[in-house]
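What follows is a single structure, written as structure tokens, with notes after it.
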Amino acid sequence: MATIQFLGATRTVTGSKHLVEVNGHRTMVDCGLFQGLKELRLRNWEPFPLDPSSINSVILTHAHIDHTGYLPKLVRDGFAGPVYATPATVELARIMLPDSARLQEEDAAYANKSGASKHKPALPLYTERDATEALRLFESVNYHKRVRLTEKLSFEFVTAGHIIGSSFVIFDFESLDGGRKRMIMTGDLGRYDEPIIPDPSNVDDADYIVVESTYGDRDHPDYDVKTKLAEIISETARRGGHVLIPAFAVGRTQQLLYLIRELEDENRIPILPVFVDSPMAVSATKLYLRHTEDHDLEMKDLMDERRNPLATKRFNLARTIQESKNVSAEEESTIVISASGMATGGRILHHLRKRLRDERNTVVFVGFQAAGTRGRRLVDGEQEIKIFGEFVPVRARIEKLENLSAHADSREILRWLGGFKRAPEKVFLVHGEPGAQETLKNKIVEKFGWQVEIPEYLERFEL
Ligand SMILES: [Zn+2]
């Protein structure tokens, strides 16, 4: 008997958790935190839908917090099995889970100070110690190495092309009635022809496909992203303004540095001080340079020439709070890249509070902005944004560079699905908002005639 139950990222883009059960063995693919809308965030605090100690193992597709950030809580509540991830994902998690815990602890401390919580005292969802405990359970698994979870259930990782370490999980299992099945789960599906990271792996055979659908109703615009970025930087510099880029510390930040460095090499932008203001981005950037198994050829060539492909001419890292404060006091035009990418927390908030009110500045969003986040409100054109309890007028220009998203758009999802040589029994759409999922479902049905499900929260299917 084999089943899959969807414990997160159902009709939304966060909280990825999918429970696969084969003949009594339970493994969970991803263990993400819910983010964005309050009704979703509250799920992080509800009792887990099943006893965490009954789960035998966790498999992580990649290190982003909406795929890993619930793990410390799961471990504190009783999960004790191994956590399988690729070597780069393991290293990233060592940076990101303690960082996530610190944010939880800061939130609780803030709630206690401001009296904003009805719980006294307000407690963090988990602590740095819980994160450390969770990290002890990690086991590093290379791409294409088959891991046997039981006699009848095994999996392997192949590259997903999303961030370094990102992978699809390919399960092979035999149910009690003797049927052999293959299921592939994408985690986040990357893009084709991107710098640094290789293309998503082509897979041609599966009985079940669980695929993300963030951009299921959209194609990334056709404009040349480098040209648009060059225009934004040059025009902002001409006005004497600053360019502020909220970005995931892992993935987007490195992609941006690569592009800005190229634009400088090609003399297409003025040479401005570039600040990466995020301790995590600093560590992640080093890690990007080290994990060459995840690089594409272009990046490898530059490194062979002993050039740092991620260092611009006037490159600065801000590690400490004081360094961060100095960045936001800069008078000369700067480019500042800082987390979080959806402006839900982190140092970017201090920069936004200072820079949003000046019409010379530009804020550039480079990733998907989930419903309920400040990032979404800004790209939707709100005139005023609340930051640290203060209403800040939005006078800066707000730009979107969707081409820089690390997620496949609808064309690319269909291109990837087109690689399968036979019809799967079922395709499950996860990690998307309802409109995007309905549109993608219709496209898949129209193009391939396959059976597509859009699971509800906690819905379970027999495989
Ligand atoms: Zn991701």
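These numbers come from the heavy atoms of this one structure, side chains and all, not from hydrogens, waters or symmetry mates. When a ligand or atom number is given, it counts from 1 through the structure's own listing order.
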ask   = Is a side-chain donor-acceptor pair under 3.5 Å present for Asp51 with Ser54?
value = no
request  = Classify the side-chain pair Arg347/Ser338 by whether it contains a donor and acceptor separated by less than 3.5 Å.
outcome  = no
ask   = Within 45 degrees of the axis of the six-membered ring of Tyr192 and under 6.0 Å from its centre: does Arg415 put its NZ or CZ there?
value = yes
ask   = Passes ring-ring contact (aromatic ring centres under 6.0 Å, His included), His431 versus His67? Steps please.
value = CA-CA 10 Å; His431 203 292; His67 293 257; 5.2 Å; yes
ask   = Hey, which protein N/O/S atoms does the Zn ion (ligand 1) have under 2.8 Å?
value = His62 NE2, His64 ND1, His162 NE2, Asp188 OD2
ask   = Can you list the residues that meet the side-chain contact (heavy atoms from CB on, under 4.5 Å) rule with Glu194, with sequence neighbours excluded?
value = Arg191, Arg252, Gln255
query = When the ring centroid of His351 is compared with that of His242, is the distance short of 6.0 Å?
reply = no
